[in-house]
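Written out below as structure tokens is the structure these notes cover.
Please read all numbers here as calculations on a predicted model, not as lab measurements. Below, each value reflects all heavy atoms present in this structure, side chains not excepted, and no hydrogens, waters or symmetry copies.
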Amino acid sequence: MASIQSATQLREKLPFNWGSLLRWLGIAMLLLWLIAPMIPLFIWSIAYRWFFPNILPASYNMRAWEYAFSPAAGALESLYITTYIAVVVTLLSILVGVPAGRALGLHRFRGKRIIELLILSPTIIPSLAVILGIHVVFIRLGIANSVLGVILVHLIPGLPYMTLVMAGVFANYDPQFEEQARSLGAGPIATIWYVMIPTVMPGIIVGGLFTFLISWAQYITTLIIGGGRVQTLPLKLFNFVSSTDYPVTGALGIIFIAPGVLVLLLTSRYLTGRSAVGGIGNI
Amino acid sequence: MTQVRLADLTKIFDDDFAAVNDLSLDIESGTLTALLGPSGCGKTTTMKMIAGLLRPTAGDIYFNDNSILDIAPEKRGAVMVFQNYLLFPYMNVGDNIGFGLKMRRVDKREIRRRVAEMLELVQLPGIEKRKPSQLSGGQQQRVALARALIVEPNVLLLDEPLSNLDAHLRDEMRELVRSIQRELQITTIFVTHDQEEAVVLADEIALMFDGVLQQYAPPAEFFEAPSTVAIARFFGGLNFIPGTLENGAIHCPCGSFQAPKSGVKAGVSTLSIRPEAIQLGGRGHNDVEGVIRSHVYVGRYARFRIDIGEFQVEAVTEPSQVQHHQDGSTVTLHFPPEKIWVLPPEEEHKDEGNESAG
């Protein structure tokens, strides 16, 4: 992102061909950054015998993929539970983050800076430091080692992003649109549904994407709160990494990364523009 | 048909600032009323209270003698059109205009029919499918008006309806607003800071300074019979000479004038006369001597600045008068008695619009 931005800024100063060169260089670097790490993963997943000085494996087979999709590996089950948790976490954080962001973006009140700092704190404090304490509480509440517990603990790193993105969106939001809707005959709920939600939708999508990916990638929180019972993809992946079965690790790695890239591509048009950048710029 | 009555309406904001102070107005059904005043005088606050978007601190609002304070804005039937139109950007023109009907759960086909009708009324037929961003300011204004009119409001509230348009469009919109209002007979209240706009459009003008109602009257009265010097100034009055009123004549330091028309009974007062009423050349009565300080030839008229003793007046005359009068020369001015209006004495500070006359 940064390289593209600076390239666009430079383009105005430099002669045309230099600017366009920089821009293409930026895009190429970005693609390299995203795609390149996936190449070895892919090769590993289909490698049969791959020994040291060879650049490419001596032969290929589909053993790792067959295994990854077999019930014995439990990868599909993990894919399902990971998706389930990430979707629920995203929906919950929308439910909390939109009103919270509205309050922060639209209103001034006492102690607002402190609340903003508190909301940000989970992104600053290492989760390991907090998680052990939460674990004790969750055991008492009887929600340790459960999917519910994992969902709740994923909200801790996920919610700040949702809330801050929404605060940025609401800082640019004109509440007069709501007054206009009321005046035209919309009740309070219809006003939220027909006016507020469509207006802040790009922010909800961007914030939701962040939250989804954060939940998707959680390892240590899931490990501790889930107690090994909740086998999300990162946990499964780590098991295979430590078992040194690289082809299976490669296949699982791709299963793990692919949905994230897919979600990113589907929502990428919302990632540019004021709504998304406004949120981050506001911090 | 809705008659609107504001009774001692007051709005005090958090910082103890009285945006609207004890405002009482009786607005006849089917009329077009202007809330006029400099910016920040409480006009828009008043309008939002009528629309139900702000709750008054004190006082009451009646539609046809029923208090509406406890009625939610969406049920009041008082539709407000905001200064910046506020068309929903993610909806096309048709959906924007149909919004109010959709909220009232009107059948879709009926909505489509009425939207087409409304676009006809505001002279923009067939643009249902366009996005607001593809419209010019004037078109957006018309769409916003159509969106309000489609719900057949009891009261139509227009906040600075013409201020974002250029001069040419403004004239056009003025006529459109006036003709639609006459046709549909909707009680309409509009806010403006432009006295000319208020005069041209309104049946009645409520002039406000600093949240306080100054005068509530038909437009002509603000020119012919303003109740204070500040009001006269706001309506372009320039010539004020202090004096004392006694038996239908006002005695000023520079002379005495017959003044049959007066807003005060007697005593210390102010003579006012509009620049276009002053005549150059004496008539034998109500005359006064002055020295021409400067003049401007404008083409359609000429404007003279004349010193009368320590006071200065401005006279607007036929353009040909510049040939007969040079700067520095002495001239006799005639103040026609029926054009003189006697006002209460001017208050201390003279800032236009800063006056809070009782």
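Only the side chain of B:Tyr90 comes within contact range of chain A, with at least one heavy atom under 4.5 Å from a heavy atom of that chain. Of the atoms belonging to A:Thr199, heavy atoms from both backbone and side chain fall under 4.5 Å from chain B. Proximity to chain A is absent for every atom of B:Ile150, based on heavy atoms less than 4.5 angstrom apart.
Within 6.0 Å of OH on A:Tyr219 lie more than 12 heavy atoms contributed by other residues, nucleotides or ligands. Within 6.0 Å of atom CD1 in A:Ile189, 12 or fewer heavy atoms from other residues, nucleotides or ligands are found, so the atom counts as exposed in its surroundings.
Between B:Ala72 and A:Arg182, the shortest heavy-atom distance links the atoms CB-NH2, 4.2 Å. Across all non-hydrogen atoms, the minimal contact from B:Phe88 to A:Val195 is CE2-CG2, 3.9 Å. Between A:Ser183 and B:Val79 the shortest heavy-atom distance is OG-CA, 3.3 Å. Across all non-hydrogen atoms, the minimal contact from A:Ala186 to B:Met103 is CB-SD, 3.6 Å. Closest approach of A:Tyr194 to B:Phe99, counting heavy atoms only: CB-CE1, 3.8 Å.
Top candidate by heavy-atom pairs under 4.5 Å with chain B, chosen from A:Pro198, A:Ala190, A:Pro188, is A:Pro198. Top candidate by heavy-atom pairs under 4.5 Å with chain A, chosen from B:Lys48, B:Arg76, B:Lys75, is B:Lys48.
Remark: side-chain polar atoms of A:Gln180 are paired, donor with acceptor, to backbone N or O of B:Met80 under 3.5 angstrom.
From B:Leu53, atom CG reaches atom CD of A:Glu179 across 4.5 Å, with rounding to the nearest 0.5 Å. Rounding to the nearest 0.5 Å places CG of B:Leu86 at 10.0 Å from CG of A:Leu184.
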